[in-house]
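I have placed the structure first, in the form of structure tokens, so that the comments after it can refer back to it.
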Amino acid sequence: MERRRNPTSYPQNNAFSSYPFSDNAYSTSSGPAPRGKGRAGYSTAPSGARERGRRSSYQQHEPSSNWNNRFPIHISQDFNHLDLNAEDDTTSGAGGGINFEAYESVPVEVSGDEVPLPVESFVETDFHQVLKTNIERCKYVKPTPIQRHAIPIACAGRDLMACAQTGSGKTAAFCFPIISVILKNRRPGFTSVVRDRGGTVSYPTSLILSPTRELSCQIHDEAKKFAHQTGVKVVVAYGGAAITQQLRNLEKGVDILVATPGRLVDIIERGRVSLTRIKLLALDEADRMLDMGFEQQIRKIVEQMDMPPPGVRQTMLFSATFPDDIQKLASDFLSNYIFLSVGRVGSSTELIVQKVEYVEDNEKINHLMDLLHGQNARGANGKPALTLVFVETKRGADNLESTLTRKGFRAIAIHGDKVQMERERALRSFKKGATPIMVATDVASRGLDIPHVAHVINYDLPRNIDDYVHRIGRTGRAGKSGFATAFFSYKNNHLAKPLVDLLQEAKQEIPSWLSQYAGESSSYDGTGGSHPSQQYGGRDFRNVTEPEVENYDNHSTTFGDSYNADYTFDIKDSNEYADSSSYEMANSVPPATSCHYTYANTDLYGGGNVEDGPGGYASIVATGWD
Ligand SMILES: Nc1ncnc2c1ncn2[C@@H]1O[C@H](COP(=O)(O)OP(=O)(O)OP(=O)(O)O)[C@@H](O)[C@H]1O
């Protein structure tokens with residue numbers, strides 16, 4: 001079908017150009033005092049925080065504290081206090097047990113020109129009262145660090161590349177500003193749907209793209225909660241579900257469209273959606289969206305389908321991982337952007353107790369069953385802990401599901417070969433605890449916020465460390481602690497070094513055999529992925545003077561080691577992620593020069609203890625659960 005072209009007149013973005021967050025936010029907050037501007041800036045002069053100079057940067061020093069005192073992991077207990085089958089309250093965060101201290105100690109780095117200052121509370125934002133009320137309803141008492149920093153940047157109309165650890169509240173960090181901006185710019189009589197003889201065309205003003213159907217649905221649900229009674233309309237479009245119903249929803253009006261790329265292209269090509277009015281574009285799991293599986297598709301949507309260009313639209317990219325080469329590529333989509341990282345780029349949260357075990361392939365199934373038996377015996381109030389088991393292939397997922405089921409475990413598989421209804425059924429059944437074990441491929445590795453996942457098991461390790469970070473990030477979310485176990489064998493040799501780096505950084509136990517592997521494999525750095533070395537703070541690639549980015553006008557850097565990302569990528573796997581087609585690239589805008597500044601962290605804390613019980617899993621206790 002021929003694509004309907006829409007008039008391409010792009011309103012200037014100045015509607016978003018200023019945001020009246022109080023300049024004296026720092027002076028009223030009880031939070032950390034910023035310490036001057038620029039590299040030397042905030043560190044010496046608190047008042048410097050108010051000087052929003054160009055290319056400013058800041059560092060945050062949070063009080064050091066002892067992790068183990070704050071988050072004891074009681075190995076000799078069981079899951080008793082995990083009310084796993086309780087009605088999900090995915091918003092139970094701040095009011096319901098989120099431990100913000102876990103995030104306060106994490107280093108924050110911001111770099112770019114004229115960086116807006118962070119906010120300390122939702123109250124001090126100029127969000128519409130209805131939005132503030134919805135935030136309260138969600139029991140979000142105070143913003144997480146990524147929200148504190150990203151919200152003013154986004155509300156000031158700035159492009160943003162934001163990296164923060166899994167489960168730290170990135171969804172709200174882009175949803176709140178989007179809703180706020182829509183509310184501020186809404187004109188009386190505005191309509192997002194135009195009907196003519198050719199049919200109905202919907203004109204969303206905000207677009208949120210995510211790599212999987214399930215994640216798009218989740219973002220849609222969250223955004224709807226946040227937009228409750230604001231009049232802001234949120235619609236979701238994703239593959240594998242009836243397009244007619246999605247088109248009908250669009251016809252009823254849409255401000256925010258949440259979509260997977262393939263379905264969006266389909267709808268645009270049918271002439272049912274136009275991107276000409278897009279003012280705000282957010283890519284969740286942005287590094288994934290721009291890697292080899294999706295890049296062409298994203299380029300088609302963003303560069304060839306009438307969307308206003310960078311500088312006219314506002315673009316925000318969010319992920320827990322952001323390898324340099326993807327950052328570099330992402331800068332094509334951004335204009336004078338601010339780079340923000342909460343925690344080191346690609347690091348895992350210390351809320352997750354990680355354990356790596358050497359298990360040969362032929363031993364895996366027995367080892368897994370021992371482990372699951374151990375857990376089941378300690379189910380809280382008769383309710384088992386939710387366990388997510390990652391495997392490499394779809395067939396592997398099916399096989400493991402049937403083996404476990406035969407052995408009497410309640411398990412279900414989710415992967416990209418299942419029809420959408422089966423996928424949704426699997427997820428529902430897992431969330432409810434009806435099948436407390438879910439065997440998954442990477443289709444479930446990113447973004448999914450499933451309450452009460454206490455244990456993530458990497459039955460097969462992924463190919464690169466970033467995928468590992470996302471997988472284990474399905475537990476230990478929103479201030480709660482979790483447990484992750486990886487089965488390592490000689491085949492995973494290439495992961496040894498990045499794994500050791502990651503474990504070390506997260507103050508986890510490192511088995512001596514793994515260090516040995518790491519030592520042997522370190523000469524061939526990079527195939528394990530993109531985890532930066534320990535010397536890195538946050539990581540804005542614009543600040544890195546490395547050969548691969550030397551064409552850019554960089555500032556000096558404290559970063560030392562080279563950092564080779566592994567982008568060996570299996571397209572077959574990427575098919576698990578939603579829909580695909582192909583596109584190409586256009587303009588390449590060198591990123592703005594920037595200084596960087598770090599809200600530094602003095603405290604590197606431990607992530608809890610793991611004591612050996614039978615099989616090493618005598619008792620795993622996740623803390624912080626309601
Ligand atoms: N300010 C807040 N107060 C309390 N809870 C919060 C707050 N912000 C987010 N949450 C909760 O934290 C959980 C994790 O948030 P979210 O899914 O946005 O994390 P994320 O950073 O996007 O993770 P991932 O990297 O895995 O995608 C959600 O259940 C969310 O409701």
Side-chain angles (χ1 to χ4, degrees), residues 88-104 106 118-123 125 127 131-132 134-151 162-176 178 208 210-212 214-226 258 282-289 316-322 340-343 345-349 351-352 388 431 442 444-453 456 466-480 482 484 624-626:
D88 287 353
D89 178 4
T90 53
T91 62
S92 62
I98 192 168
N99 193 331
F100 280 98
E101 279 184 61
Y103 302 116
E104 298 304 333
V106 170
V119 288
E120 296 303 322
S121 68
F122 292 121
V123 176
T125 64
F127 287 162
L131 176 55
K132 285 184 177 169
N134 289 339
I135 293 171
E136 272 170 37
R137 280 198 185 112
C138 290
K139 298 183 193 157
Y140 289 12
V141 173
K142 64 182 223 179
T144 63
I146 183 68
Q147 292 161 4
R148 283 216 311 264
H149 293 267
I151 286 172
C163 190
Q165 291 166 332
T166 52
S168 64
K170 293 186 287 294
T171 314
F174 59 79
C175 282
F176 291 169
I178 289 176
I208 301 171
S210 97
T212 65
E214 288 77 11
L215 182 53
S216 286
C217 290
Q218 181 181 298
I219 296 168
H220 170 247
D221 292 346
E222 289 288 287
K224 272 182 76 168
K225 267 192 305 197
F226 303 147
V258 186
L283 301 191
D284 196 15
E285 309 299 339
D287 58 330
R288 173 69 192 165
M289 301 296 277
M316 299 188 284
L317 311 180
F318 280 80
S319 184
T321 51
F322 250 120
L340 163 66
S341 76
V342 179
V345 175
S347 68
S348 66
T349 162
L351 290 162
I352 305 165
L388 190 48
K431 279 183 175 174
D442 270 328
S445 67
R446 283 186 179 245
L448 295 186
D449 186 52
I450 304 168
H452 307 307
V453 173
V456 172
D466 286 347
D467 289 342
Y468 172 83
V469 167
H470 286 279
R471 284 179 177 189
I472 65 170
R474 295 319 96 212
T475 187
R477 301 176 67 76
K480 299 182 173 82
W625 299 83
D626 310 331

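Residue indices begin at 1 and follow the sequence shown. In listed order, ligands and their atoms are each counted from 1.
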Checklist line | Shortest non-hydrogen contact from K132 toward F122 | finding: CE-O, 3.4 Å

Next item on the list: Drop me the distance from D442's CG to D467's CG, to the nearest 0.5 angstrom.
Entry: 5.0 Å

Item checked: Point-to-point distance, once rounded to the nearest 0.5 Å, from OH of Y468 to OG1 of T321 -> 14.0 Å

Item checked: Lys/Arg-Asp/Glu bridge criterion (N-O < 4.0 Å) met for D449, R477 -> yes

Margin query: With a heavy-atom distance limit of 4.0 Å, tell me whether T166 approaches ligand 1 through its side chain, its backbone, both, or neither.
Written below: both

Note to self: Less than 3.5 Å apart, any donor N or O on the side chain of Q165 or S347 sitting next to an acceptor on the other?
What the structure shows: yes

Checklist line | F127 CZ to I151 CD1 distance, which is reported to the nearest 0.5 Å | finding: 4.0 Å

Check: Considering only heavy atoms of K142, which atoms of ligand 1 have at least one such atom less than 4.0 Å away?
Finding: 1 (N), 2 (C), 3 (N)

Next item on the list: Without swapping roles, check the side chain of Q147 against the backbone of G169 for a donor-acceptor pair under 3.5 Å.
Entry: yes

Next item on the list: Output the list of atoms in ligand 1 that are nearer than 4.0 Å to some heavy atom of Q165, sorted by atom number.
Entry: 21 (O)

Margin query: Using a 4.0 Å cutoff against the non-hydrogen atoms of T171, which atoms of ligand 1 qualify?
Written below: 16 (P), 17 (O), 18 (O), 22 (O)

Next item on the list: Pull out every atom of ligand 1 sitting under 4.0 Å from any heavy atom of R474, numbered as shown with elements.
Entry: 26 (O)

Check: Hey, looking at atom 24 (P) of ligand 1, which of A320, C163, G167 has the closest heavy atom?
Finding: G167

Next item on the list: Nearest heavy atom to atom 15 (O) of ligand 1 wins, so pick from G169, G479, P451.
Entry: G169

Item checked: Those atoms of ligand 1 less than 4.0 Å from some heavy atom in S168 -> 19 (O), 20 (P), 21 (O)

Next item on the list: May I ask you to identify, for R477, whether its side chain, its backbone, both or neither come under 4.0 Å of ligand 1 on a heavy-atom basis?
Entry: side chain

Note to self: Please enumerate all residues that pass side chain to side chain contact (heavy atoms under 4.5 Å, CB included) together with A286, with sequence neighbours excluded.
What the structure shows: L283, L317, F322

Margin query: Taking 4.0 angstrom as the limit and counting only heavy atoms of A478, give me the atoms of ligand 1 inside it, by number and element.
Written below: 12 (O), 13 (C)

Item checked: Per-atom contacts of ligand 1 with E285, taking only distances under 4.0 Å to non-hydrogen atoms -> 27 (O)

